[in-house]
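Below is one structure, written out as structure tokens; the observations come after it.
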Amino acid sequence: MKLCFYLATKNKNKVKEIKKIIGDKIEVLLPPNSIKFPEETGKTFKENAYLKAKFLSRFIKNDYIVGEDSGLLVEKLNGLPGVNSARFSGERDDIKNIKKLLEMMKNFKNKEDRKAKFITYICLIGKGEKKFFKGEIEGYITFRPRGKNGFGYDPIFEIPEIKKTFAQISLEEKNKISHRAKAFVKLKNYLIKKFK
Ligand code: ITT
């Protein structure tokens, strides 16, 4: 039987990225459409990753379940938008979230004041296991959106080494360096090693 896990998310952009990162050695299964996840109540990414996986485990038995929580943290804003990244503007709306963040940072003219990082936490549960994996990438918040690819804050997150935003590179390129890729490659290696 093929190695598989259920991914406790409703975010289609995450699913697209994660399926590509995981590749074809492991099957990524999605929760039934009828399942509505509750609002996230955790105070940390780690806690929310666990809560998402735990919630789905009420419906899925005897299989691995993976919860993923991620977000953007701006150093000078003490880690905002943080765990509230998806609804930073009060709505689940990427354009409004970006607008609010750029507005809050409009007086940060110095590049060093625009330092930020993306974080992903993953929680794997099931078959008697509970394990966490983490991925991070550091960069800068741009002064205005650039690029059309990706989702969320991708158009305003610049990767220092290439001076392009996540929205200016392809999904394949993003998947080589992103916070999500780093965390999911760790998970993938863990599962493959375990079932060798
Ligand atoms: P699920 O809870 O169903 O997984 P969600 O969109 O609510 O979906 P999160 O709570 O983890 O997911 O919020 C993540 C938010 O952080 C996401 O909506 C984006 O605004 C931002 N984000 C996370 N990873 C990102 C990435 O790779 N690129 C751009 N923005 C990202």
Side-chain angles (χ1 to χ4, degrees), residues 9-18 20-21 37 39-52 67-123 132-187:
T9 184
K10 288 277 169 172
N11 184 323
K12 292 192 174 71
N13 293 299
K14 283 186 183 178
V15 172
K16 200 169 148 193
E17 289 188 7
I18 293 165
K20 282 230 155 93
I21 299 161
F37 284 85
E39 274 310 314
E40 290 156 34
T41 53
K43 289 191 177 55
T44 61
F45 294 108
K46 192 173 177 181
E47 200 182 340
N48 278 332
Y50 171 70
L51 290 175
K52 289 181 201 184
E68 190 262 29
D69 200 52
S70 48
L72 179 68
L73 296 89
V74 176
E75 197 176 281
K76 194 89 186 200
L77 294 176
N78 296 321
L80 286 177
V83 286
N84 198 24
S85 290
R87 294 176 161 276
F88 190 49
S89 60
E91 287 173 63
R92 194 175 271 283
D93 183 319
D94 291 345
I95 294 173
K96 287 186 180 160
N97 290 343
I98 286 178
K99 213 172 155 200
K100 177 172 177 185
L101 185 59
L102 290 182
E103 176 64 25
M104 282 176 85
M105 295 178 67
K106 69 172 185 240
N107 294 325
F108 299 173
K109 306 278 186 218
N110 208 317
K111 194 159 185 189
E112 281 311 290
D113 291 341
R114 304 184 74 86
K115 261 191 182 165
K117 65 181 173 186
F118 270 120
I119 290 193
T120 290
Y121 260 98
I122 300 176
C123 176
F132 292 92
F133 304 90
K134 184 188 176 191
E136 277 188 23
I137 178 167
E138 293 189 350
Y140 294 96
I141 301 301
T142 55
F143 289 93
R144 61 193 68 80
R146 291 194 333 243
K148 295 259 179 285
N149 299 333
F151 71 101
Y153 299 89
D154 280 347
I156 57 164
F157 186 82
E158 185 183 278
I159 305 112
E161 293 78 13
I162 55 174
K163 300 214 163 35
K164 284 183 183 170
T165 67
F166 265 156
Q168 291 177 299
I169 61 176
S170 65
L171 180 58
E172 286 69 29
E173 287 173 286
K174 183 180 177 188
N175 274 346
K176 283 184 198 147
I177 54 175
S178 81
H179 48 310
R180 185 162 297 104
K182 285 174 186 151
F184 275 92
V185 165
K186 287 179 195 168
L187 169 75

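Residue indices begin at 1 and follow the sequence shown.
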How far apart are the closest heavy atoms of [X] and [Y], and which atoms are they?
{"X": "Pro155", "Y": "Gly147", "result": "CB-O, 4.2 Å"}
{"X": "Pro160", "Y": "Gly139", "result": "CD-CA, 3.7 Å"}
{"X": "Lys52", "Y": "Phe37", "result": "O-CE2, 3.7 Å"}
{"X": "Ala181", "Y": "Asn175", "result": "CB-O, 3.1 Å"}

Using modelled atom types only, decide if a donor and an acceptor are shared between the side chain of [X] and the backbone of [Y] within a distance under 3.5 Å.
{"X": "Glu17", "Y": "Lys14", "value": "no"}
{"X": "Asp69", "Y": "Glu47", "value": "no"}
{"X": "Tyr153", "Y": "Leu101", "value": "no"}
{"X": "Lys186", "Y": "Lys134", "value": "yes"}
{"X": "Asp94", "Y": "Gly152", "value": "yes"}
{"X": "Asn48", "Y": "Phe45", "value": "no"}
{"X": "Asn149", "Y": "Ile169", "value": "yes"}
{"X": "Lys164", "Y": "Glu161", "value": "no"}

*Under 4.0 Å between a Lys/Arg side-chain N and an Asp/Glu carboxylate O for Lys176 and Glu173?*
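A salt bridge is absent here (no side-chain N lies under 4.0 Å from a carboxylate O).
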Return the [atom1] to [atom2] distance between [X] and [Y], rounded to the nearest 0.5 Å.
{"X": "Thr165", "Y": "Asp154", "atom1": "OG1", "atom2": "CG", "answer": "7.5 Å"}
{"X": "Leu187", "Y": "Ile122", "atom1": "CG", "atom2": "CD1", "answer": "5.0 Å"}
{"X": "Lys182", "Y": "Ile21", "atom1": "NZ", "atom2": "CD1", "answer": "11.5 Å"}

*asked:* Tell me every residue that passes ring pair (Phe, Tyr, Trp, His ring centres under 6.0 Å) with Tyr140, counting only those two or more places apart in sequence or in another chain.
replied: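 Residues passing ring pair (Phe, Tyr, Trp, His ring centres under 6.0 Å) with Tyr140: none at all.
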*What residues form a ring pair (Phe, Tyr, Trp, His ring centres under 6.0 Å) with Phe157, not counting sequence neighbours?*
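In terms of ring pair (Phe, Tyr, Trp, His ring centres under 6.0 Å), with neighbours along the sequence ignored, Phe157 is linked to Phe118, Phe166.
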*Using a cut-off of 6.0 Å, state whether more than 12 heavy atoms not belonging to Ile95 lie near its atom CD1.*
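Result for CD1/Ile95: open.
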With [X] via side chain to side chain donor-acceptor pair (under 3.5 Å) - residues at least two apart:
{"X": "Lys46", "value": "none"}
{"X": "Lys16", "value": "none"}
{"X": "Thr41", "value": "none"}
{"X": "Ser178", "value": "none"}

Going by heavy atoms in the side chains, are [X] and [Y] under 4.5 Å from each other?
{"X": "Leu102", "Y": "Pro145", "value": "yes"}
{"X": "His179", "Y": "Ile137", "value": "yes"}
{"X": "Leu51", "Y": "Glu40", "value": "no"}

*Please list all pairs passing the salt bridge (charged side-chain N to carboxylate O under 4.0 Å, His left out) test where one or both residues lie in residues 137-153, with sequence neighbours left out.*
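Passing the test, one end in residues 137-153: Arg146-Glu158.
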Could I get the full list of salt bridge (Lys or Arg N to Asp or Glu O under 4.0 Å) partners for [X], not counting sequence neighbours?
{"X": "Arg87", "result": "Glu39"}
{"X": "Arg114", "result": "none"}
{"X": "Lys20", "result": "Glu172"}
{"X": "Lys100", "result": "none"}

_Determine whether Asn11 and Phe151 satisfy the following criterion, side chain to side chain contact (heavy atoms under 4.5 Å, CB included), listing intermediate values before the conclusion._
CA-CA 10 Å; Asn11 184 323; Phe151 71 101; 4.0 Å; yes
I'd like a table of donor-acceptor pairs (distance under 3.5 Å, sequence neighbours excluded) in which one partner is a side-chain atom from residues 70-82, with atom names and distances.
residue : atom : partner : partner atom : Å
Ser70   : OG   : Glu68   : OE1          : 3.3
Ser70   : OG   : Arg180  : NH2          : 3.0

